[in-house]
Amino acid sequence: MQLKFYNSLARRVEPFEPLVPGKAGLYTCGPTVYNFAHIGNFRAYVFEDVLHRTLEYAGYALTHVMNLTDVDDKTIRGSRAAGVPLRDYTQTYKDAFFEDLRTLSVEPATVYPAATDHIPEMIALISRLVEKGVAYRAADGCVYFSVAKFPDYGRLAHLDFSGMRSGVRISNDEYAKDAVGDFALWKAWDEADGPVKWDSPWGPGRPGWHIECSAMSMKYLGESFDLHTGGIDNLFPHHENEIAQAEAATGRPFVRCWMHCAHLRVDGEKMSKSLGNFYTLRDLLAKGWTGREIRYVLVAGHYRQPLNFAFDALAAARTALSRIDEFTVRMEALAKGPAGQAPSAGSPEGQAPSWPNRHLEAFDAAISDDLNTPLALAAVFSLVNEGNRLAQDGRATPADAAAALAALARMDRVLAVLARPAAEVPADVRALADARAAARKAKDWAASDRIRDEIAALGWTVKDTKEGQRLAPAAAPRA
Ligand code: AMP
Ligand code: ZN
């Protein structure tokens with residue numbers, strides 16, 4: 001399976017050719033853990049998850065590194081405002097982040113290095129840059145990268161900075177293109193940093209945001225590696241600066257392929273904390289949407305197209321997923337059915353049905369072509385439609401149903417939205433179960449049995465165990 005990706009550096013779709021055959025190294029800029037991530041952030045993490053899963057689907061042995069930015073301007077500001085030590089403050093949001101990733105079925109990265117655990121690596125990298133004369137300590141005590149000393153600066157953003165005034169310095173982690181200048185690698189401690197500081201050859205202070213990613217990516221993936229991703233807002237200055245820091249230090253090409261996802265928008269504007277137009281994952285769960293439905297919305301759009309967030313899209317995801325679930329239930333029932341009936345609709349007797357393969361091939365072609373998830377989902381639905389048609393006509397054998405389910409499971413290795421989730425207990429069933437527990441406590445066995453029947457009428461079974469009642473959905477009805 002030949003994968004092709006749009007490389008922001010080359011500005012075109014290119015075949016993916018890893019440095020080491022059969023292996024892939026991927027670095028994704030992770031969260032700044034100063035708050036709950038919003039679903040705009042999760043657009044980036046879900047896109048990266050589709051990439052992660054596609055690389056594994058295509059057979060690559062993947063090393064995936066995602067950093068946690070647990071020291072920067074925002075985390076320090078947040079911890080000081082909350083009056084909580086930085087480490088405790090960021091831990092809350094690290095925990096929340098991992099919980100949210102599980103909710104969205106995001107496959108874990110190989111390693112999640114935290115910036116505060118890698119200060120020596122950052123100091124070593126800055127020292128190399130100072131020794132090479134591309135970085136300097138200024139009168140304010142900070143160490144800056146001298147953009148004029150790195151002629152390739154602007155190559156990723158496709159900007160020409162050659163006429164730039166030298167000596168302009170910028171110490172904020174985030175800035176716009178027109179504020180470009182020498183950027184901070186090491187920030188001298190000042191009062192606003194409170195107790196947050198580390199010793200360095202340049203005095204007490206802390207690393208800048210950009211150096212974190214150069215140091216941690218090279219530590220885990222080597223000085224040159226295959227893929228580096230983020231949201232499009234990371235392209236400049238963050239990724240431009242990462243390239244400058246790494247390549248100026250090593251003299252080697254840093255990353256072969258840069259991939260960026262377009263923004264999740266609200267009414268035409270980027271969803272962001274600063275604009276206040278955001279929903280966290282938790283906000284949406286509280287409104288009754290599931291992680292699976294939210295993931296569906298995020299994977300249904302192509303990652304390089306801006307995606308407008310709307311509740312209509314969540315409602316449409318719910319409808320689409322219930323169609324897939326109905327199909328799954330139907331095929332599961334058929335697959336269990338009596339074997340040895342009519343031959344498979346799509347293939348000669350005795351052979352595995354081949355018709356699902358057509359849809360699998362369409363799926364593979366779509367996903368390998370720069371992660372075309374909308375087309376990949378179209379292949380899912382063409383499989384569903386064909387399977388439903390066969391079932392409707394009474395021509396689907398157990399082998400057809402089993403092959404359709406296998407194809408669906410294969411597609412789901414990449415999409416991770418198709419599998420029917422273990423059913424959640426609806427509120428009315430939960431209320432009946434509580435009433436039954438009370439009845440049993442009162443030794444009112446007649447009421448207990450009656451309520452059991454009421455629960456069964458709602459499609460659930462209840463078992464009494466040492467730990468209390470266990471609820472499970474009744475066996476799926478036969479199609
Ligand atoms: P941050 O925590 O702000 O560093 O962002 C974490 C990741 O989310 C980065 O890859 C950003 O580029 C990405 N991101 C932030 N806002 C959005 C958005 N509205 N749509 C897509 N990606 C975003
Ligand atoms: Zn980064």
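Remember, it's 1-based here, ligands and their atoms both numbered in the order they're listed.
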Salt bridge between Arg77 and Asp72, side-chain N to carboxylate O under 4.0 Å?
no

Test of proximity, Pro31 against ligand 1: N or O pairs below 3.5 Å:
no

In ligand 1, which numbered atoms sit nearer than 4.0 Å to a non-hydrogen atom of Thr32?
2 (O), 4 (O)

Quick check: Ala262 and ligand 1, any N/O pair under 3.5 Å apart?
no

For atom 15 (C) of ligand 1, the closest protein heavy atom turns out to be Asn41 ND2, 3.2 Å

Does Cys29 bring an N, O or S atom to within less than 2.8 Å of the Zn ion (ligand 2)?
yes

Answer yes or no: does an N/O atom from Tyr45 fall short of 3.5 Å to an N/O atom of ligand 1?
no

Could you tell me the residue and atom name of the protein heavy atom closest to atom 20 (N) of ligand 1, and the distance to it rounded to 0.1 Å?
Leu264 N, 2.8 Å

Mind checking whether Asn234 has an N or O less than 3.5 Å away from an N or O of ligand 1?
yes

Hey, are Arg206 and Glu212 close enough for a salt bridge, meaning a charged N less than 4.0 Å from a carboxylate O?
no

Tell me whether Glu332 is salt-bridged to Arg420, with the criterion being a basic N under 4.0 Å from an acidic carboxylate O.
yes

Tyr27-Tyr220 aromatic ring centre distance below 6.0 Å:
no

Closer than 4.0 angstrom, basic N to acidic O: yes or no for Arg252 and Glu247?
no

Give yes if a backbone or side-chain nitrogen or oxygen of Ala44 is under 3.5 Å from a nitrogen or oxygen of ligand 1, and no if not.
no

Could you pull out the atom name of the N/O/S atom in His238 that is nearest the Zn ion (ligand 2)?
NE2

Could you say whether the N/O atoms of Asp233 and ligand 1 ever approach to under 3.5 Å?
yes

In plain terms, say whether Asp325 and Arg292 are close enough for a salt bridge, that is, a side-chain N and a carboxylate O under 4.0 Å apart.
yes

SB check Arg295 Asp49 (cutoff 4.0 Å)
yes

Examine Cys213 and say whether one of its N/O/S atoms is closer to the Zn ion (ligand 2) than 2.8 Å.
yes

Report yes or no: does a heavy atom of Ala37 sit under 4.0 Å from some atom of ligand 1?
no

Under 4.0 Å to a heavy atom of Gly230 - the qualifying atoms of ligand 1, by number:
10 (O)

Suppose I only count heavy atoms of Met271 and a 4.0 Å limit; which atoms of ligand 1 are within that range?
16 (N), 18 (C), 19 (N)

Is it the case that Arg169 places NZ or CZ above or below the six-membered ring of Tyr144, under 6.0 angstrom from the centre and within 45 degrees of the axis?
yes

Output field: ring centroids Tyr34/Tyr89 closer than 6.0 Å:
no

Is it the side chain, the backbone, both or neither of His38 that has a heavy atom closer than 4.0 Å to ligand 1?
side chain

Counting heavy atoms only, which part of Ser272 comes closer than 4.0 Å to ligand 1: side chain, backbone, both or neither?
neither

Could you check if a side-chain atom of Ile243 sits within less than 4.5 angstrom of a side-chain atom of Trp258, using non-hydrogen atoms only?
yes

For atom 16 (N) of ligand 1, what is the nearest protein heavy atom, given as residue, atom name and distance?
Lys270 CE, 3.4 Å

Under 4.0 Å between a side-chain nitrogen and a carboxylate oxygen: does that hold for Arg304 and Asp370?
yes

Looking at atom 22 (N) of ligand 1, what's its closest protein heavy atom, distance included?
Gly40 O, 3.0 Å

What residue among Arg256, His260, Glu14, Arg12 forms side chain to side chain donor-acceptor pair (under 3.5 Å) with Asn7?
Glu14

